[in-house]
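Quick note on labels: first sequence line is chain A, next is B, and so on, each numbered from 1. No hydrogens, no waters, no symmetry mates; every other heavy atom, side chains included, goes into these values.
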2 protein chains.
Amino acid sequence: MKAENRAEDLAADQERLLKVDAKLPRIRDVARVAGVSTATVSRALSQPDLVSAETRAAVLAAVAETGYRMNLAARNLRRKQTGSIVVLVPHLSNPFFSLILSGIAKVASEAGLNVLVADTREPDGADRQIAEYLYNNRSDGLIVLDGNLTEAMFSGDDRKGRPPVMFACEWVEDYDQPAVTVDNRHGARLAVEHLIALGHRHIGHVAGPSDNVLTRQRAGGFRDALAEAGLPTVEHWFIQGDFTLRSGVAAAERWLALDDRPTAVFCFSDAMACGFISQLNRRGIRVPDDVSVVGFDDIDIAAHLIPPLTTIRQPRALIGETAAALLLQLMRLPEMREDAAAMKQMGKILPLELVVRDSTAKPRRAP
Amino acid sequence: MKAENRAEDLAADQERLLKVDAKLPRIRDVARVAGVSTATVSRALSQPDLVSAETRAAVLAAVAETGYRMNLAARNLRRKQTGSIVVLVPHLSNPFFSLILSGIAKVASEAGLNVLVADTREPDGADRQIAEYLYNNRSDGLIVLDGNLTEAMFSGDDRKGRPPVMFACEWVEDYDQPAVTVDNRHGARLAVEHLIALGHRHIGHVAGPSDNVLTRQRAGGFRDALAEAGLPTVEHWFIQGDFTLRSGVAAAERWLALDDRPTAVFCFSDAMACGFISQLNRRGIRVPDDVSVVGFDDIDIAAHLIPPLTTIRQPRALIGETAAALLLQLMRLPEMREDAAAMKQMGKILPLELVVRDSTAKPRRAP
DNA sequence: CTGAAAGCGCTTACAG
DNA sequence: CTGAAAGCGCTTACAG
């Protein structure tokens, strides 16, 4: 690092800052300022362990001085990556996914990756989209939030060379890919135990589609909690739903039609709880005065409903962050994908939390 | 195009299709199959007018045969683009934006561009994000959906070399950038005229923040429509809101506290209408039996509220598509950005539509 | 209308 | 631990 050179460089930098249309600093500029080769700059930035502490410091200083930002297109081209991960979502307009997506985006953007979001329930269909991303090397990795995709879409005899797949929230059963989930069974228990603790003995539930993994787990937890408290599972207090607001509205009509109405209802999604409560309200039934309602998810609107909804909070941002972080691991270690045992270890089950608000209360006439 | 070569190529292609980890076809492969140079393939794909019809057809056939898909990282590197546009949204979790974003994503992905979405109300702040994207060449263009950013963030003496900016929905007043908007004034008139046609003579409104462009325009249309019908603007029937559900709840309490309640209320957003109706419902007031309510936006949930909401539909997907299409134009024609007159022409005002559902009816006691 | 060739800004065996 | 050099897959003046 000769002194004169440094002075010249600084003058050049000044000029560069004034003229915006001047070129942005490249790795070569950093190398010149730091007095090393571009290869060393590249290493100092991407694999710091490979260079000496001294060199590393010089490079970092040069980066700061020049305001260098890596050109990702160049890196991706050289590394034969796309620089993008793709998220497959069942319904993009469902507010449940917003925080998950922003969690994914956060982790991905820190890693210099773009996030592309595709709706699997869009007209062009899930099959085509998956084929597009999985077979055509348009992405470095996939996060799948839709458990209703069939295993056949992913499997096939030519697994190698395909980007890794990470499931989150939902997953495809009998398909041994890692997934970031919550303990849905436990969440359902939390909901029911809360209602029992309040004194409820007549508890119904509004479920999701029967072929859905989440439905099955939550229904299991629901039954377990009742059984443990010595309460029977009353079959006609089971109401079929599909997680949507609209099905919550329909569920309310079903509840109204019952001769022996349960004093509390556990809805498997906040959206259904919302529709359920609104429709009951319309028919003159008050929550929680006449019936207690617990939701599941803790979507943004849950705290602002009338009444504010008691629900099971899913750590949505964390789910997204975790799924993205694990996917990044998988992307970095291609050999790991061949190791079935390691893959099974990889999944994470994240904690769930009961959030008590105003939609639950003691039953009016305690038994 | 020698016959033997073609046969060899086909064999090679077969092999390639079997081995997934084999390399994807590059422009060179297409050139070989079509019997032209890579330069010609590039032109045939990007600027078809520059090659003969015959050549074009040969190239297209070769593309189909090889299954060629362009490597965008390479193109972007060569063209010195980022291949991304950035969308700045005030609140990502607001469902109003979902369809706008998918409209943007549709147009952008057809043009081979990534879409990055950033929330301007996030902790890291709008200023930093704009600086990041505007000054640091991390994107080829910006779509801004937040009119509350100050002009100062965008202006400055070094406009050239910066990516173009397109506003949508909202915009920054006194800053002559093109914007894709709706005629908010007209939308408000549609709402009020509908209520008047139903027989209402006592009409209030729940507005957005007073410094918001949308609020100002809608309030103007509201007053105009009343004036035209010879109805007075009753000042204490104006209720301040901020577009959120929560403020709709508060507005309901304000309405309940009035001695002379208006028989109809025009809410400047569906979210506020939703909160307003829910809270009234809670207090035993029925919509539309006791009071008619009109919203604005037609968000997804509007049709599923109880009652289904009469509202002013914004063509959200179209807003997104149009904003993206215009931004693409701007990106292709950098010289246009210097032409103030052309820039002013560029904006679009999209049509609004009254959607009559069940939240509005004749006033109970017609005057 | 077409081709040969340079080069976008990185990374990474390879050699030392 | 470091550097010289090749090359990722495109595009685009330039020359014909």
Side-chain angles (χ1 to χ4, degrees), chain A residues 1 16 21-60 62-63 66-84 112-113 136-138 140 332, chain B residues 1 16 21-60 62-63 66-84 112-113 136-138 140 332:
Chain A
M1 310 182 208
R16 203 173 295 126
D21 46 308
K23 310 187 76 159
L24 294 173
R26 294 143 305 167
I27 200 169
R28 190 187 298 171
D29 301 309
V30 177
R32 191 163 28 78
V33 172
V36 299
S37 72
T38 59
T40 298
V41 174
S42 178
R43 288 194 198 98
L45 262 24
S46 305
Q47 309 173 76
D49 297 343
L50 295 186
V51 303
S52 70
E54 199 181 4
T55 306
R56 209 181 307 143
V59 169
L60 260 25
V63 165
T66 54
Y68 172 72
R69 304 278 259 106
M70 181 154 35
N71 181 320
L72 294 175
R75 157 179 284 192
N76 288 329
L77 173 59
R78 183 53 233 239
R79 286 192 174 166
K80 297 198 172 203
Q81 302 168 150
T82 65
S84 299
L113 289 164
N136 260 350
N137 277 14
R138 310 304 289 176
D140 299 336
R332 289 196 199 101
Chain B
M1 309 180 210
R16 203 173 293 126
D21 47 308
K23 309 187 76 158
L24 294 173
R26 295 143 303 165
I27 200 168
R28 190 189 298 172
D29 301 310
V30 178
R32 191 165 27 80
V33 173
V36 298
S37 72
T38 59
T40 297
V41 174
S42 178
R43 288 194 197 98
L45 263 23
S46 306
Q47 310 172 77
D49 297 343
L50 294 185
V51 303
S52 70
E54 199 182 5
T55 307
R56 208 181 307 143
V59 169
L60 259 25
V63 166
T66 54
Y68 172 71
R69 304 278 260 106
M70 181 153 36
N71 180 320
L72 294 176
R75 158 178 282 192
N76 288 330
L77 174 58
R78 183 52 233 241
R79 286 193 175 165
K80 298 199 171 201
Q81 301 168 153
T82 65
S84 299
L113 289 165
N136 260 349
N137 278 14
R138 309 305 289 177
D140 299 336
R332 288 197 198 101

Nucleotide nearest [X] when distance is taken to its side chain, options [options]:
X: B:S52; options: C:dC1, D:dC10, C:dG9; value: C:dC1
X: A:A74; options: C:dC10, D:dT11, C:dT2; value: C:dC10
X: B:T55; options: D:dT11, C:dC10, C:dT2; value: C:dT2
X: B:Q47; options: D:dC10, D:dC8, D:dT12; value: D:dT12
X: B:A39; options: D:dC10, D:dT2, C:dA5; value: C:dA5
X: B:S37; options: C:dC8, C:dA4, D:dT12; value: C:dA4

Donor-acceptor under 3.5 Å ([X] side chain, [Y] main chain):
X: A:R43; Y: A:V51; result: no
X: B:R28; Y: B:T38; result: no
X: B:N76; Y: B:Q81; result: no

Using whole Å, report how far [atom1] of [X] lies from [atom2] of [N].
X: B:R75; N: C:dC10; atom1: CZ; atom2: C1'; result: 20 Å
X: B:L77; N: D:dG7; atom1: CG; atom2: P; result: 17 Å
X: B:K80; N: D:dC10; atom1: NZ; atom2: P; result: 19 Å
X: A:R32; N: C:dG9; atom1: CZ; atom2: P; result: 13 Å
X: A:L72; N: D:dC8; atom1: CG; atom2: P; result: 20 Å
X: A:E54; N: D:dT2; atom1: CD; atom2: C1'; result: 13 Å
X: A:R69; N: C:dG9; atom1: CZ; atom2: P; result: 16 Å
X: B:L45; N: D:dG9; atom1: CG; atom2: P; result: 16 Å

Applying a 3.5 Å limit to both distances, which nucleotide forms a Watson-Crick or G-U wobble pair with C:dA15?
D:dT2
Under 4.0 Å between a side-chain N or O of B:S42 and OP1 or OP2 of D:dC10?
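Result: no.
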D:dG9 phosphate, OP1 or OP2: any side-chain N/O from B:T38 under 4.0 angstrom?
no
Show the nearest heavy-atom pair for residues A:P25 and A:T66, with the distance to one decimal.
CG-O, 3.3 Å
Which heavy-atom pair separates A:R75 from A:S46 by the least distance, and what is that distance?
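So the two residues come closest at NH2-OG, 2.8 Å.
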For A:L50, answer base if it contacts any base atom (sugar-phosphate contacts may also be present), sugar-phosphate if it contacts only those atoms, and nothing otherwise; contact means non-hydrogen atoms under 4.0 Å.
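Result for A:L50 = base.
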Which sits closer to the 5' end of DNA chain D, B:R43 or A:R79, going by the nucleotide each is nearest to?
A:R79
For nucleotides C:dG9 and C:dA13, find the distance between their P atoms and express it as a whole number of Å.
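Pairwise P distance, C:dG9 against C:dA13, rounds to 23 Å.
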